[in-house]
Chemist: 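Dumping the structure here so I can ask a few things about it.
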Amino acid sequence: RCNLSCRYCNEYDQVSDPVPTAEMLARIDRLAELRTRAITFSGGEPMMHPEIYEVIARIRHHGMIAGLISNGYYFQPEKIKKLNEAGLDYLQISIDNVNPDDVSKKSLKVLDGKLKNLAEHAKFKVNINSVLGSGVKNPEDALVIARRAVELGFSSTVGVIHDHDGLL
């Protein structure tokens, strides 16, 4: 599920129930048997799973690397501390623009407070990823976002996606 519905995304779902925790844990156990080395949860929004901390802890219990790709909306200090306790290894937050628009609400203006929380409390690696393409009105925003990420001690990447015609 996801709390947002960015225009370019087809991965959001605001109606489905989360995968039951017992099923998630069984899948993680099976992946461990198969010698999986890393598991990354991505969109929708993995922080919406009611037992995300237990799921991450299970990954770490097996010695696997645990990662999340998030829209950044759920990073209050108490949740960051729970992620630390669960053993999260890395987090990637996708930020598409400096100011929210009709394409994406994943903006630096909206998320900067959450980024400050992460800079202050996270013991895991944080990467900020900007996306260029598919309706991003100000591609220069990626540079502003990257500079802010570095200023806060995070790494920064830029992704390029194609439009419905397959063009960059």
Side-chain angles (χ1 to χ4, degrees), residues 1-6 8-9 11-14 18-19 21 24-25 27-29 31-32 36-101 104-132 136 140-161:
R1 300 183 314 162
C2 190
N3 55 315
L4 302 176
S5 56
C6 302
Y8 62 82
C9 182
E11 297 179 16
Y12 66 89
D13 172 354
Q14 296 179 348
V19 176
T21 302
M24 291 287 288
L25 298 177
R27 290 176 183 181
I28 290 166
D29 293 344
L31 288 168
T36 299
R37 301 304 311 144
I39 298 175
T40 301
F41 291 102
S42 63
E45 174 50 54
M47 289 296 292
M48 290 182 72
H49 193 284
E51 302 298 331
I52 190 65
Y53 312 107
E54 182 180 351
V55 171
I56 291 167
R58 184 63 147 264
I59 293 168
R60 296 300 298 135
H61 167 78
H62 287 295
M64 296 182 284
I65 295 168
L68 295 177
I69 299 175
S70 172
N71 63 34
Y73 274 70
Y74 290 93
F75 294 101
Q76 297 82 12
E78 63 278 1
K79 291 181 180 179
I80 297 166
K81 290 174 185 174
K82 286 181 179 179
L83 290 170
N84 289 337
E85 291 168 8
L88 185 67
D89 290 293
Y90 66 90
L91 167 69
Q92 178 172 295
I93 295 180
S94 302
I95 300 180
D96 298 329
N97 48 36
V98 171
N99 294 298
D101 59 26
S104 176
K105 305 298 183 229
K106 298 184 301 181
S107 67
L108 186 58
K109 180 178 180 179
V110 171
L111 294 172
D112 197 59
K114 305 297 192 229
L115 298 181
K116 289 177 190 175
N117 290 342
L118 286 160
E120 185 174 338
H121 299 286
K123 294 180 181 174
F124 43 85
K125 295 176 187 171
V126 178
N127 181 68
I128 307 301
N129 185 66
S130 296
V131 176
L132 297 177
V136 174
E140 63 277 3
D141 282 1
L143 185 56
V144 174
I145 295 163
R147 286 183 178 136
R148 181 62 174 148
V150 170
E151 182 179 293
L152 291 168
F154 306 144
S155 60
S156 176
T157 54
V158 176
V160 180
I161 60 174

Chemist: Considering all heavy atoms of both residues, which atom of Met64 and which atom of Ala32 are nearest to each other, and what is their separation?
Modeler: CE-CB, 3.9 Å
Chemist: Compare all side-chain heavy atoms of Glu54 with those of Thr21 and state whether any distance is below 4.5 angstrom.
Modeler: yes
Chemist: Taking salt bridge (Lys or Arg N to Asp or Glu O under 4.0 Å) as the test, write out the residues that go with Asp112, two or more places apart.
Modeler: Lys116, Arg148
Chemist: Measuring only between side-chain heavy atoms, which start at C-beta, is Ile95 closer than 4.5 Å to Val110?
Modeler: no
Chemist: Taking all non-hydrogen atoms of both residues into account, name the closest pair between Ile56 and Gly87 and its distance.
Modeler: CG2-C, 4.2 Å
Chemist: Step by step, would you call Glu51 with Met24 a side chain to side chain contact (heavy atoms under 4.5 Å, CB included)?
Modeler: CA-CA 10 Å; Glu51 302 298 331; Met24 291 287 288; over 6 Å; no
Chemist: Around Lys79, counting heavy atoms of other residues, nucleotides and ligands shown, do more than 12 lie under 6.0 Å from its NZ?
Modeler: yes
Chemist: Would you say the side-chain atoms of Asp141 pair up with the backbone N or O of Asp96, donor to acceptor, closer than 3.5 Å?
Modeler: no
Chemist: Taking the side chain as every heavy atom from C-beta outward, state whether Leu118 and Phe124 have any pair of such atoms under 4.5 Å apart.
Modeler: yes
Chemist: Could you tell me which non-hydrogen atom of Ala149 sits nearest to which non-hydrogen atom of Ser155, and how far apart they are?
Modeler: CB-O, 3.9 Å
Chemist: Quick one: pull up OG in Ser130 and CD1 in Ile93 and give me the separation to the nearest 0.5 Å.
Modeler: 11.5 Å
Chemist: Would you check if the side chain of Asp89 reaches a backbone N or O of Gly67 as a donor-acceptor pair within less than 3.5 Å?
Modeler: no
Chemist: With sequence neighbours left out, write down each residue that passes side-chain hydrogen bond (donor to acceptor under 3.5 Å, both in side chains) with Arg147, or none if nothing qualifies.
Modeler: none
Chemist: Please answer whether the main-chain N or O of Asn71 pairs with a side-chain N or O of Glu45 as donor and acceptor at a distance below 3.5 Å.
Modeler: yes
Chemist: Decide yes or no for Ile80 and Glu120: does some side-chain heavy atom of the first lie under 4.5 Å from some side-chain heavy atom of the second?
Modeler: no
Chemist: Which pair of heavy atoms, one from Ala66 and one from Leu88, lies closest together, and at what distance?
Modeler: O-CD1, 3.4 Å
Chemist: Using modelled atom types only, decide if a donor and an acceptor are shared between the side chain of Ser70 and the backbone of Gly72 within a distance under 3.5 Å.
Modeler: yes
Chemist: Go through the structure and list residues passing side-chain hydrogen bond (donor to acceptor under 3.5 Å, both in side chains) with Thr157, not counting sequence neighbours.
Modeler: Asn127, Asn129
Chemist: Could you check whether Asp29 and His62, counting side-chain N and O atoms only, form a donor-acceptor pair closer than 3.5 Å?
Modeler: yes
Chemist: Work out which heavy atom in Met48 is nearest to a heavy atom in Tyr74; give both atom names and the distance.
Modeler: CG-OH, 3.5 Å
Chemist: Counting C-beta onward and ignoring hydrogens, is there a side-chain heavy-atom pair between Ile69 and Ser94 closer than 4.5 Å?
Modeler: yes
Chemist: Any side-chain heavy-atom pair from Ile128 and Ile145 closer than 4.5 angstrom?
Modeler: yes
Chemist: Could you give me the CA-CA distance, side-chain angles and deciding distance for Arg58 and Tyr53, then say whether side chain to side chain contact (heavy atoms under 4.5 Å, CB included) is met?
Modeler: CA-CA 9 Å; Arg58 184 63 147 264; Tyr53 312 107; over 6 Å; no
Chemist: About how many Å separate NZ of Lys82 and NE2 of His121, when rounded to the nearest 0.5 Å?
Modeler: 14.5 Å
Chemist: Side chain to side chain contact (heavy atoms under 4.5 Å, CB included) between Leu68 and Leu83: does it pass, once the steps are laid out?
Modeler: CA-CA 10 Å; Leu68 295 177; Leu83 290 170; 4.2 Å; yes
Chemist: Between Phe41 and Ile59, is there a side-chain heavy-atom distance shorter than 4.5 Å?
Modeler: yes
Chemist: Please determine whether side chain to side chain contact (heavy atoms under 4.5 Å, CB included) holds for the pair Phe75 and Leu91, giving the CA-CA distance in whole Å, both sets of side-chain angles, and the decisive distance to 0.1 Å.
Modeler: CA-CA 11 Å; Phe75 294 101; Leu91 167 69; 3.6 Å; yes
Chemist: With a 4.5 Å heavy-atom cut-off, do Leu108 and Asn97 have their side chains touching?
Modeler: no
